[in-house]
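Quick note on labels: first sequence line is chain A, next is B, and so on, each numbered from 1. Any value given below was found using the heavy atoms of this structure, including those in side chains, with hydrogens, waters and symmetry copies removed.
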Amino acid sequence: VKIQFIFLTLTLAALSACANVEPFEREVLAQNQMQLDPNELDAAFRGHMYFAREGTHGGFGAEEGMCGCN
Amino acid sequence: MMKKIVLSLSVIFGLSANAKGDGLLSVPLSPLFEGEDKTLADYKGKVVLLDAWASWATPSRESFPFYQDLENKYGKEGFVVVSVNNEQDVDAAKKFYQSTGVAFDAVRDPNNDLLKQLDPGDMPTAYLLDRSGKVTKTFTGFKKGDEANIEEEVKKLVVKDDDKDSTDKEEGSKQ
């Protein structure tokens with residue numbers, strides 16, 4: 001019971017660190033540097049090279065199937 | 001006991017519901033460029049389209065020229081557009097505003113005092129305030145096709161308030 005209580009307290013304490021980011025507070029999050037792929041064109045190009053080299057397709061993006069043809 | 005709880009809860013909920021309308025008008029807003037601080041109370045007597053925008057919120061690029069057109073069209077009837085920005089990067093906001101070629105009022109809410117009360121669900125979000133300063137409509141985001149709806153609501157309010165004003169004047173002259 002004691003361990004459960006400690007676990008619950010820690011979980012609640014950790015949850016209190018979570019915060020909602022309001023839409024009007026997303027100035028920094030909206031910056032290009034904050035995106036997973038800051039350069040969209042570059043990412044598409046690298047993706048194209050990757051699936052051409054590996055003879056596969058998919059895993060990212062939504063286009064085409066898995067036959068490897070473009 | 002139960003009655004007391006119900007009464008307290010209704011008072012609390014009542015207060016929270018009132019907060020949006022009452023506090024808005026007195027929040028000090030600094031100018032984006034030059035001039036004196038303003039509050040929304042300064043616009044009382046006018047129909048206001050309050051646009052909460054940001055340079056990083058791309059729909060603002062489409063909404064700005066439309067809002068300027070609206071102000072040009074209904075300005076004579078007491079309609080104004082007030083754009084409110086909260087960005088820390090003030091230069092980015094200024095640059096964006098100037099690049100769109102608009103001329104409506106631009107104010108800043110750097111500490112989000114106004115925006116926290118408005119609680120927009122998205123950026124940009126526009127609020128339509130009647131001549132008494134009460135929020136009557138909220139337009140969340142700005143998508144193609146929203147223009148007609150926004151203009152319709154503005155027109156309704158401008159015309160309705162004009163009618164009301166003329167009725168008030170008529171009644172005043174009768175007395």
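B:M123 and A:V21 fall into different hydrophobic clusters, defined by Ile, Leu, Val, Met, Phe, Trp and Tyr side-chain heavy atoms under 4.5 Å apart, directly or through other members.
Taking each heavy atom of A:P23 and B:P120 in turn, the nearest pair found is CG-O, 3.3 Å.
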Between chain A and chain B: donor-acceptor pairs at under 3.5 Å:
residue, atom, partner, partner atom, Å
A:F24, O, B:N86, ND2, 2.7
A:E27, OE1, B:Q88, N, 2.8
A:E27, OE2, B:Q88, N, 3.3
A:E27, OE2, B:D89, N, 3.1

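With a 6.0 Å radius and a threshold of 12 heavy atoms from other residues, nucleotides or ligands, B:F33 has its CZ atom above the threshold.
Listed by sequence position, the residues of residues 1-11 of chain A in contact with chain B number zero, using a 4.5 angstrom heavy-atom cutoff.
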